[in-house]
Amino acid sequence: MSKTILITGASRGFGKIWAKALLQRGDKVAATARNLADLDDLVSEFGNQVLPLQLDVTNRQQSFEVVAKAHAHFGKLDILINNAGYGLFGAVEEASEEEARKQMEVNFFGLLWVTQAVLPFMREQKSGHIIQVSSVLGHITFPTLGLYNASKFAVEGLTETLASEVKEFGIKVSLIEPNGYETDWAGASAAQSQSIGAYDNLKTAFKNAYNPDHYGIPDATTEAILTFIDAPEPPFRLLLGKIGYPAIKATYLQRLATWEAWKEVSVKAHGK
């Protein structure tokens with residue numbers, strides 16, 4: 001049975017790739033983008049099967065209007081894929097107030113607004129699946145991506161809480177956590193803070209550590225996404241790529257070792 005999916009950030013990257021894969025197998029897709037022209041290829045190929053919608057996710061009112069329009073058009077919304085987002089590159093000290101706020105407005109608040117907008121419809125139909133596109137960098141951090149890391153850590157906490165709140169309504173909630181992929185995420189889609197020379201050595205070392213094998217092929221994610229969407233009981237978290245699991249495992253093992261070493265100090269601080 002075909003599904004009806006709303007995908008934000010469908011103009012490029014994962015959003016475009018997943019939208020096309022879903023349409024090719026017969027699903028209906030409400031695809032959003034800031035520039036509707038970026039969705040012309042999907043409309044040309046799939047016609048009425050796709051509903052193109054202009055959306056700036058940072059606009060809460062527009063987010064609610066677009067979700068309502070998608071629901072009215074298709075009659076239901078089975079799945080939300082909150083994919084819209086971008087990366088801000090630069091050391092934490094380098095980020096301007098405007099850059100920092102915009103990073104959170106898009107990656108965190110934009111995701112929150114669209115989630116809030118879809119929930120009443122899913123509660124009424126007593127079903128649905130909300131999928132938040134997070135990142136491996138919602139668990140571990142890389143230097144010069146501090147604000148992006150922070151936005152994804154925030155998405156992780158929000159989504160874990162949301163899952164516990166809406167389970168009784170028959171709504172599933174999940175996180176997709178890709179490692180690096182060969183999209184334009186680090187290119188045309190990225191923003192760059194004004195550089196402070198003190199961080200040049202760090203940035204050079206980070207750049208020199210680049211290994212193309214660490215970056216997956218975006219089209220290779222489609223099979224995993226379709227399997228994930230069709231699973232009767234999808235996992236709460238799904239890693240995409242071969243780098244995420246070993247990197248996260250090493251980080252958590254180190255954290256556990258530190259907590260264990262300081263356990264007596266922590267327990268004593270409880271006071272009783």
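- For Tyr148 and Phe89, the ring centers sit 6.0 Å or farther from each other.
- Leu162 contributes atom CG, which lies 13.0 Å from atom NZ of Lys167 (distance to the nearest 0.5 angstrom).
- The shortest distance between side-chain heavy atoms of Asn179 and Leu239 does not fall below 4.5 Å.
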Steps toward side-chain contact (heavy atoms from CB on, under 4.5 Å) verdict (Trp113, Gln61): CA-CA 8 Å; Trp113 305 149; Gln61 180 177 340; over 6 Å; no
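- Using modelled atom types, no side-chain atom of Asp27 and backbone atom of Leu23 make a donor-acceptor pair closer than 3.5 Å.
- By the 6.0 Å contact criterion, CG on Leu253 is enclosed, its count of non-hydrogen atoms from other residues, nucleotides or ligands being greater than 12.
- Under the 4.0 Å criterion applied to side-chain N and carboxylate O atoms, Glu99 and Lys102 are not assigned as salt-bridge partners.
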Pair Ile79-Leu22, side-chain contact (heavy atoms from CB on, under 4.5 Å): steps then yes or no: CA-CA 11 Å; Ile79 298 167; Leu22 290 161; over 6 Å; no
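- Phe169 and Val67 fall within a single hydrophobic cluster, where Ile, Leu, Val, Met, Phe, Trp and Tyr side chains are chained together by heavy-atom contacts under 4.5 Å.
- Residues Leu175 and Leu238 have side chains not in contact (no heavy-atom distance under 4.5 Å, counting atoms from C-beta outward).
- Counting only distance, with no hydrogens or angles, the side chain of Lys152 and the backbone of Phe108 share no donor-acceptor pair below 3.5 Å.
- Placement of Val29 and Ile81 within a single hydrophobic cluster is found when ILVMFWY residues are connected by side-chain heavy-atom separations under 4.5 Å, directly or transitively.
- The NZ atom of Lys268 sits 9.5 Å away from atom CD of Glu264, with the distance rounded to the nearest 0.5 Å.
- Using a cut-off of 4.0 Å between Lys/Arg side-chain N and Asp/Glu carboxylate O, Arg60 and Glu105 are scored as not salt-bridged.
- Once rounded to the nearest 0.5 Å, the distance linking CD of Gln54 with CZ of Arg34 reads 10.5 Å.
- To the nearest 0.5 Å, atom CG of residue Leu88 and atom OG of residue Ser96 are 8.0 Å apart.
- Other residues, nucleotides and ligands contribute only 12 or fewer heavy atoms inside 6.0 Å of the CD atom of Glu124.
- Thr141 and Asn149 share no side-chain donor-acceptor pair at under 3.5 Å.
- Inter-residue side-chain proximity for Val66 and Thr8 is flagged as unmet; no heavy-atom pair is nearer than 4.5 Å.
- In terms of heavy-atom proximity, Ile7 sits nearest to Ile5 at CG1-CG2, 3.6 Å.
- Judged by distance alone, the side chains of Ser127 and Asp78 never bring a donor and an acceptor atom under 3.5 Å apart.
- By the 4.5 Å heavy-atom criterion applied to side chains, Thr159 and Val173 are counted as neighbours.
- In this structure, Ser63 and Leu55 have side chains that are in contact, with non-hydrogen atoms separated by less than 4.5 Å.
- Judged by distance alone, with hydrogens and angles left aside, the side-chain atoms of Gln62 form a donor-acceptor pair with the main-chain N or O of Asp56 at under 3.5 Å.
- For the 3.5 Å distance criterion, the side chains of Gln132 and Thr115 qualify, holding a donor opposite an acceptor.
- The 12-atom threshold is not exceeded at NZ of Lys28, counting heavy atoms of other residues, nucleotides or ligands nearer than 6.0 Å.
- For CG of Asn48, the number of neighbouring non-hydrogen atoms (other residues, nucleotides, ligands) closer than 6.0 Å is 12 at most.
- Counting heavy-atom neighbours within 6.0 Å of Arg25 CZ, excluding the residue itself, gives a total above 12.
- Side chain to side chain, Thr221 and Trp18 meet the donor-acceptor criterion of an N or O pair below 3.5 Å.
- Minimum interatomic distance between Val155 and Asn107 (heavy atoms only, all atoms of both residues): CG2-O, 3.5 Å.
- With hydrophobic clusters built from ILVMFWY side chains whose heavy atoms lie under 4.5 angstrom apart, Phe109 shares a cluster with Leu119.
- A perpendicular orientation is assigned to the rings of Tyr181 and Phe14, their planes being inclined by more than 60° (bins at 30° and 60°).
- Closest non-hydrogen pair, Ala95 versus Leu147, comes out as CB-CD2, 3.7 Å.
- Judged purely by atom type and a 3.5 angstrom limit, Thr4 has no side-chain atom pairing as donor or acceptor with the backbone of Leu77.
- Residues Leu240 and Tyr215 fall into different hydrophobic clusters, defined by Ile, Leu, Val, Met, Phe, Trp and Tyr side chains chained together at heavy-atom separations under 4.5 Å.
- Val57 and Ala84 get closest at one heavy-atom pair: CG1-CB, 4.1 Å.
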Candidate pair Leu158 and Leu112, rule side-chain contact (heavy atoms from CB on, under 4.5 Å), full reasoning: CA-CA 8 Å; Leu158 175 81; Leu112 172 59; 4.2 Å; yes
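- Under a 3.5 Å cut-off, the side chain of Gln125 and the backbone N or O of Met122 do not form any donor-acceptor pair.
- Using a 4.5 Å cut-off on side-chain heavy atoms (C-beta onward), Val50 and Leu39 make no contact.
- Separating the NE2 atom in His139 from the CD1 atom in Ile248 is a distance of 4.5 Å, to the nearest 0.5 Å.
- Summarising the geometry of Gly146 relative to Val92, their closest heavy-atom pair is CA-CG2, 4.1 Å, with the distance given to 0.1 Å.
- Between Lys207 and Asp200 no salt bridge is recorded (no basic side-chain N to carboxylate O distance below 4.0 Å).
- More than 12 heavy-atom neighbours from other residues, nucleotides or ligands sit within 6.0 angstrom of CG on Asp230.
- Of the charged side-chain nitrogens involved, at least one lies within less than 4.0 Å of a carboxylate oxygen, so that Lys16 and Asp41 count as a salt-bridged pair.
- In this structure a side-chain-to-backbone donor-acceptor pair under 3.5 Å is missing from Asn82 to Ile131.
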Trace of the side-chain contact (heavy atoms from CB on, under 4.5 Å) decision for Phe46 with Lys20: CA-CA 9 Å; Phe46 297 102; Lys20 189 169 184 177; 4.0 Å; yes
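- Using a cut-off of 4.0 Å between Lys/Arg side-chain N and Asp/Glu carboxylate O, Glu97 and Arg101 are scored as salt-bridged.
- A donor-acceptor contact shorter than 3.5 Å links the side chain of Gln103 to the backbone of Tyr86.
- The shortest side-chain heavy-atom distance between Lys203 and Ser195 falls under the 4.5 Å cut-off.
- Checked against ring pair (Phe, Tyr, Trp, His ring centres under 6.0 Å), Phe228 has the following partners two or more places apart in sequence or in another chain: His129.
- Across all non-hydrogen atoms, the minimal contact from Gly157 to Thr161 is O-OG1, 2.9 Å.
- Counting heavy atoms of neighbouring residues, nucleotides and ligands inside a 6.0 Å radius, atom OH of Tyr245 does not exceed 12 of them.
- Under the 4.0 Å criterion applied to side-chain N and carboxylate O atoms, Arg237 and Glu156 are assigned as salt-bridge partners.
- Using a 4.5 Å heavy-atom threshold, the side chains of Glu93 and Tyr199 count as touching.
- The closest donor-acceptor contact from the side chain of Ser44 to the backbone of Asp40 lies at 3.5 Å or more, if one exists at all.
- A distance of 6.5 Å separates OG1 of Thr32 from CG of Leu6, quoted to the nearest 0.5 Å.
- No chain of hydrophobic side-chain contacts below 4.5 Å, direct or via other Ile, Leu, Val, Met, Phe, Trp or Tyr residues, connects Val106 to Phe64.
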